[in-house]
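Single-structure report; data block below.
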Amino acid sequence: MEYNFRQLEQKWQLYWKENSIYKTTENPSKPKYYVLDMFPYPSGAGLHVGHPLGYIASDIFSRYKRLQGFNVLHPMGYDAYGLPAEQYAIQTGQHPAVTTKINIARYREQLEKIGFCYDWDREIRTCEPDYYHWTQWVFIKMFNHYFDTKHQKAQSIELLVKMFETSGTEGISTNCTEELSFTAQEWNSKSEKEQQEILLNYRIAYLADLKVNWCPELGTVLANDEVSEGVSVRGGHPVEQRVMRQWSLRVSAYAQRLLDGLQTVDWTDSLKETQKNWIGRSEGAEMNFKLSQGELEVFTTRADTIYGVTFMVLAPESDYVKICTTPEQAAAVEAYIAATKKRTERERIADRRVTGVFSGSYAINPVSGTEIPVWISDYVLAGYGTGAIMAVPAHDSRDYAFAKHFGLDIIPLIEGCDVSEQSLDAKEGIMKNSGFLNGLTVKEAIAAAKKYIAENGIGRVKVNYRLRDAIFSRQRYWGEPFPVYYKAGLPYMLDESKLPLELPEVDKFLPTEKGEPPLGRAKGWEVEGFPLELNTMPGFAGSSAYYLRYMDPKNDKALVSPEANQYWRNVDLYIGGTEHATGHLIYSRFWNKFLFDLGIVCEEEPFKKLINQGMIQGRSNFVYRIIFIINDGRRFELFLSYKFYNEIKNNILYPFPLLFESWFSTLNSEIKIQFGENYLIDNGIDVESYFTLSKKIREKSLDETVNEIFQEDLNIDLLPFEVIVQNIHCDVNIVSNDVLDIEKFKAWRPEFADAEFILEDGKYICGWAVEKMSKSMYNVVNPDDIVEKYGADTLRLYEMFLGPLEQSKPWDTNGIDGVHRFLKKLWSLFYKDDNLLVNNDLPTAEELKTLHKTIKKITFDIENFSYNTSVSAFMICVNELFTLKCNKKAILEPLTILLASFAPHIAEELYHILGNETTVCDAVFPVCNEEYLVESSIKYPISFNGKVRFMLELPADMPKEEVEKTAMCNEQTIKQLAGASPKKIIVVPGKIVNIVM
RNA sequence: GCCCGGAUGGUGGAAUGGUAGACACGAAGGACUUAAAAUCCUUUGGCUUCACGGCUGUGCGGGUUCAAGUCCCGCUUCGGGUACCA
């Protein structure tokens, strides 16, 4: 019987499905383990081989845990709302629900082929009403809660209203958009509308006029993590700043808890670091600077530099601008602000020119008492701190650039520092020019200055975070509708019993004539005569709590039942890409903490352990086309094999003579064979002049020749053609081991149908490069094709074999034969032709050693996610058993179970061949018995000055002194020493002997 | 600029401070075959030697150590994150 992977994989996939092998239920008698893959967005392009990398890794771990007796939850579903489906709908008129459904079906089909152990009964889709019901429900909860900073916890908004009614804002501690202050009496005398408007200032889901990232091309706003370098992450469209009334989530309220929580999770340091930076906690002081009218409040982390403040800077959007601008400067300030508004964020980033304008006012330094000018510049951000800074040009490079540009004073504050060329930003040195801080180190000075400021009522110690609230409105169709209606312009939540609020139909997926979002087109989009919200929720809405829904996916009474949540608690292992480091992984932690505050979930952190799989890059292939354009306008094209292209490339300055050289010396025969004796003549190339030129080249150095050609000696007209050399991406699927399949290439694109080639050794060798895997580079490899050709088990093993899980690496289908051969070799331990070889003989010590060595290695590797080395270990094991001609059940059965996590189909088949009638998934994972690994002798490397000279086999239990003695008496040692006496002898028992001479 | 992570044969990669290059691909040679495929065997870092062997070798320059790919210091370079965050 042959290893017929096609038939065998199909058979077992069907068996697993029909017998619900992967169905999971809450089973209190077993310990739970929750393994999660990052939610895929079902794109129209389907999966490429990069996608399943993490899924295979998590699948191996899930199966391993199950074999170890855990009740494993390993679900899969789809992040089904999203921009691409909507963009596609705009272009084609096809409803996004339709295309999404098709894409999901394709994903499902592709995933099923790979043999994952997903419990498909738990599949969820964010675009389905039973799912987004709970997205909307959480939103209502967020609207009805505020964040109590004192208790660091979400609290019911009713509690806040009660406090307002009894004591106003007196003594409250909340996170809010704007600090407000009113008495109980004032509150109670306000109208309902006024009260609602005030409450928005405190709600965790709130509506506010915010400066947002507006992307005109996409016609929507974007969250900070959806914008990079001033353009949208999806599509690369420009983004500009605009003030709009938008829903937002008060993520920033949770900044400290999000930061603290990082200490409790088992994530990589680099990922934690990225989140830390994104949260951006900085401790400093808020200080007040007196103006002739009013005060300026600034935030600084360098209170120690207070004596070096020579000017103040306001953000153009700051409210302080109005206060500070004097009538004389009004026109200049207005012009400056108008100019800044026009620039998109991208322009501001790209163009680092120093710009600014003087406001006309002066402020008083509260410590030194000096008078300093107040400027306005866009290098100060309105959204951070107070939107105003104290500038210390000597010790801040941005302030320095500004001061130099506008000729402002620079006062150095550190002993011995030179600020004539640049500022000294480092926090080190001894203070000078700083009054009471003189002589202190910077660190001491920071503390002393803070203390001084607090004690003298100049300001207070303050912590700031870079983390912004998440803008939650999208002017889009394909997303969750908000459960919100408007009464007199104020938002109200639908009653929970009305959920889900289903996405309505529209005639077109475009904004209305009035510029409203697409939902403005929906008929009857209102409740009891009140209009419903026209925005929809962003992509991260549906993906922020999906891991909870998997615990109880069909529940129509709750997001997740307390029982299911108590059992599954949180994700034990989460595998996914780093691209979610600042988006999804912040939002879902925030979301989870909010639900934790409400007592809906029992764990504060959603993802205990997180592994980032590396990206699979593409490996592109190139063909090289050389085009000759003859003076008379005719052109010839030839495809050069890599070797010849390389010659030309290495001498790019000299294409003409070199090309000719290589034609005549290297390629002449090939040209004759390929194109006939008279190729050059037939093509109107002046053979005579070429011979002359060629002769000249051979006689002189290349440099000389080129000089001649391009200067005076030879007329440039002598060269009858122009040469263009191109490297063209070529579909990797028609290339094998860099050898081009010429027939397939000709059929690939019509323009290549008549292509002609210069070959090396009868083959066309392509060039290659590692690039992003993308359609445009023709380097996309589809897992379906691999499964078809080699089988799912080979694909799974090969993806793991490529290299360490967490590292980025290029996909190169070359090499897959190795793992496929391994499976065939394993099979050959069971069958030769149609004869089953397996017997019940007792295993030898050597065979047991091979097996148990492998058990030990595989167990260790799985626990450490070092899957590439486990595949190697399997290969070594099978190679050894093959050499030993071992066909014993006692060895092969445990090996089959070991392999079952990696290659489940073949393992299931072999397990049944061995006489088992239940699934290998429920076998017991073998345990290593160290007794079999004990060695009786050790081959000691004997080294001299660290260099190994020979090996010496000695009994394993030989004591150190004996080893030394035996080694020293050895004749090879005596030979190496050549009469010299060793200075020192180092013996590491069981390891090595080193003799120092 | 700042913060992370890398750099080992033709290629992917392996190596608790203890024989660098496991395992695999590719390549070369051989066996089987009418032939091909498949399979099996041998060789395969570089230089050198008829050979035994020798020298050299983990991006570069130093250092610690009996012993460094691995630890320390200083560079070069390639990825990734972040970008006026006061």
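Every chain is numbered from 1 and lettered A, B, ... according to where its sequence line falls, protein lines coming before strand lines. Side chains included, hydrogens not; waters and symmetry mates left out as well; all remaining heavy atoms used.
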Would you indicate what A:Leu802 reaches in the nucleic acid, counting non-hydrogen atoms under 4.0 angstrom: base, sugar-phosphate, or nothing? sugar-phosphate
As its Watson-Crick or G-U partner within any shown strand, both distances under 3.5 Å, B:C50 has none
In Watson-Crick or G-U wobble terms, with both distances under 3.5 Å, the base opposite B:U58 is none
Atom CG of A:Asn814 and atom P of B:U11 are separated, to the nearest Å, by 13 Å
If pairing means Watson-Crick or G-U wobble with both distances under 3.5 Å, then the partner of B:C25 is B:G10
Here the distance between atom P of B:A14 and atom CG of A:Asp861, to the nearest Å, is 11 Å
- request: Determine yes or no for a side-chain-to-main-chain donor-acceptor pair under 3.5 angstrom, with A:Asn464 supplying the side chain and A:Glu283 the backbone.
  value: no
Of B:U82, B:C23, B:U39, the nucleotide closest to the side chain of A:Ser872 is B:C23
Atom CD of A:Gln617 and atom P of B:G12 are separated, to the nearest Å, by 11 Å
With a 4.0 Å cut-off on heavy atoms, is A:Ser282 in touch with a base, just the backbone sugar-phosphate, or nothing at all? sugar-phosphate
By the Watson-Crick or G-U definition, both distances under 3.5 Å, B:A35 is matched with none
task = For A:Phe801, report the nucleic acid contact type (base, sugar-phosphate, nothing); a contact means any heavy atom under 4.0 Å.
result = base
### Task
Using a heavy-atom cut-off of under 4.0 Å over every strand shown, decide if A:Arg619 touches base, sugar-phosphate, or nothing.
nothing
Between A:Lys984 and A:Asn879, whichever has its closest RNA chain B nucleotide further toward 5' is A:Asn879
